[in-house]
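As structure tokens, the structure follows; a few thoughts come after it.
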Amino acid sequence: MTTHALTVNAGSSSLKFALFALDGLSCRATGLVDRIGGDATLELSDDTGAVLAQRDLGGRGADHAEALRAAIDAVREAFADAEVAVVGHRIVHGGTDHDRPVRLDDDVIAGLKALEPFAPLHQPHNLAGVDGARAAFPEAVQVACFDTAFHRRHPFVNDVFGLPREYYEKGVRRYGFHGLSYEFIASELARTAPDLHAGRVAVAHLGNGASMCGIVGGRSVASTMGFTALDGLPMGTRCGQLDPGVVLYLLEVEGLDAAAISDMLYRRSGLLGLSGISNDMRALEASEDPRADEAIAYFTFRIRRELGGLAAAMEGLDAVVFTGGIGENSDRIRREVCAPMGWLGIDLDEGANAAHDRVVSVGDAAVTVMVIPTNEERVIARAAADAIKGGG
Ligand code: ADP
């Protein structure tokens, strides 16, 4: 038997998982259970992307526990030699206490459940994944890795809102999210570009969810996301930065209730809401409808505004890193973000950008612009391996 780490990323209707051999931390498989609660499907692929298993779960996959059992069955069938010694979980919220991964026991889990009101759309699903993994692997160590942890040591001015102080004490703070992705990018910079890692880097994680982070010397100092994952950039279906007066107007004048406003801000806004066409950047780029162009223009404008803001927060800028599905794949978005930013020292190399090279700025540019594919699963697997080594 070879000992392995399983990573689990349980979202509202999907479960992403990956299997890593602890020896050398090589990724052996990645998988996805999609449409949990509906017509759930499962796919398992090896490290090269070759499909190992693909199945319709039919009645199975009705809930997260079933989805996880199906995922584990598929892994066990494909890797009969794999003993899972540790399970690493992506948990969206670690509150004010957790600034690093932690071993899960009943007390820690109770503390994380108490944070559910801070992230009602994500935290319960993440914790359902923990319950399922504890039942499936009672002997394995369970480790939580938080999306908030990388940002937890922000300076006060980037941790606070201008509200009465009591709300700060109650935990109404700027937590920031996508921390596992930013931690991966910081580790890649440390490995491949130590000079930039030591400097001031703005990272744009542009996927369905999108945010930006200012990293100085490998540590997060500012995030565009705040108390929830709604703030900052417009996203596939989320609004991004919004005057809180709009929420009051929707409540008091339009007569919407909290549930309707939540549905609008999380599921019907952003690229989808503005374009009326799609939340998917590929569909918008392919569309000839002027509303698609306007939605893209708003997206790239907000990225540029936040980039200027992060440069101010970091007191300068040495590098910009694009990551996430859009950041890694869309040369158009990178161009539309970078072209008007020459004043900040950004000078894109059109050929390198079109070729999706790792460095896409011209050789003598003051700011290095890079494209680095993110890998949140690897960050979770590293934390899981460390927890076993160090007692965690
Ligand atoms: P998630 O936040 O769900 O992990 P991803 O990081 O996978 O999302 O990013 C999904 C987004 O990336 C979608 O908007 C998709 O259209 C976009 N995307 C993927 N490939 C391309 C591409 N070649 N060009 C433009 N956008 C792309």
Side-chain angles (χ1 to χ4, degrees), residues 7-18 30-36 43 45 49 90-92 119 121-122 125-126 129 145 147 176-185 188 203-213 223-225 228-240 266-289 291-293 295-300 302-303 321-338 353-357 360 371-380:
T7 66
V8 174
N9 179 355
S12 54
S13 63
S14 71
L15 180 97
K16 291 184 194 160
F17 57 98
T30 59
L32 172 70
V33 181
D34 216 357
R35 291 192 292 280
I36 296 173
E43 188 166 292
S45 310
R90 179 182 184 177
I91 307 285
V92 70
L121 300 182
H122 296 96
H125 301 297
N126 300 161
C145 301
D147 268 316
F177 298 90
H178 287 138
L180 302 175
S181 175
Y182 294 125
E183 190 176 334
F184 180 80
I185 299 299
E188 279 293 277
V203 183
H205 176 109
L206 310 177
N208 252 321
S211 73
M212 295 170 72
C213 178
S223 161
T224 61
M225 278 183 170
T228 66
L230 275 179
D231 202 3
L233 305 178
M235 308 172 215
T237 62
R238 287 176 246 162
C239 57
Y266 277 97
R267 297 199 180 87
R268 296 194 293 116
S269 297
L271 296 173
L272 173 67
L274 273 175
S275 69
I277 297 168
S278 175
N279 64 310
D280 193 293
M281 186 56 83
R282 275 167 299 198
L284 296 182
E285 288 191 2
S287 170
E288 308 214 324
D289 190 317
R291 293 174 308 163
D293 278 343
I296 291 176
Y298 182 63
F299 183 65
T300 54
R302 295 302 315 193
I303 295 170
V321 177
F322 287 94
T323 193
I326 299 171
E328 293 164 27
N329 296 302
S330 175
D331 47 326
R332 171 176 168 184
I333 296 297
R334 292 193 299 263
R335 190 173 59 250
E336 291 186 13
V337 169
C338 291
N353 185 46
H356 304 288
D357 286 353
V360 295
V371 180
I372 302 181
T374 196
N375 192 337
E376 291 152 314
E377 275 65 36
R378 181 158 291 280
V379 175
I380 300 171

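Any value given below was found using the heavy atoms of this structure, including those in side chains, with hydrogens, waters and symmetry copies removed. As the structure lists them, so they are numbered: ligands from 1, and atoms in each ligand from 1. Not measured: the values here are computed from a predicted model.
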Under 3.5 Å: N/O of S330 near N/O of ligand 1: no
Sub-4.0 Å heavy-atom contact, G209 with ligand 1: yes
Pick from D331, N329, I333: the one approaching atom 21 (C) of ligand 1 most closely through a non-hydrogen atom: N329
4.5 Å side-chain heavy-atom contact, T374 and E328: yes
Closest protein heavy atom to atom 24 (N) of ligand 1, given as residue, atom name and distance to 0.1 Å: R282 CG, 3.7 Å
For atom 18 (N) of ligand 1, closest protein heavy-atom neighbour: G325 O, 3.6 Å
Atom 16 (O) of ligand 1 - nearest protein heavy atom and its distance: D280 OD1, 2.5 Å
Residues which pass ring pair (Phe, Tyr, Trp, His ring centres under 6.0 Å) with F322, listed by chain and number, not counting sequence neighbours: none
Parallel, tilted or perpendicular: rings of Y182 and H205 (30°, 60°): perpendicular
Nearest-neighbour protein heavy atom for atom 17 (C) of ligand 1, which is reported as residue plus atom name and distance: I326 CG1, 3.6 Å
Closest candidate by heavy atom, reference atom 14 (O) of ligand 1, pool K16, M281, E376: M281
Atom 10 (C) of ligand 1 - nearest protein heavy atom and its distance: N208 N, 3.8 Å
Atom of I185, atom of I372 and distance for their closest heavy-atom approach: CD1-O, 3.6 Å
H122: ring pair (Phe, Tyr, Trp, His ring centres under 6.0 Å) partners, not counting sequence neighbours: none
SB check D293 R332 (cutoff 4.0 Å): yes
Side chains of T30 and E377, donor plus acceptor under 3.5 Å: no
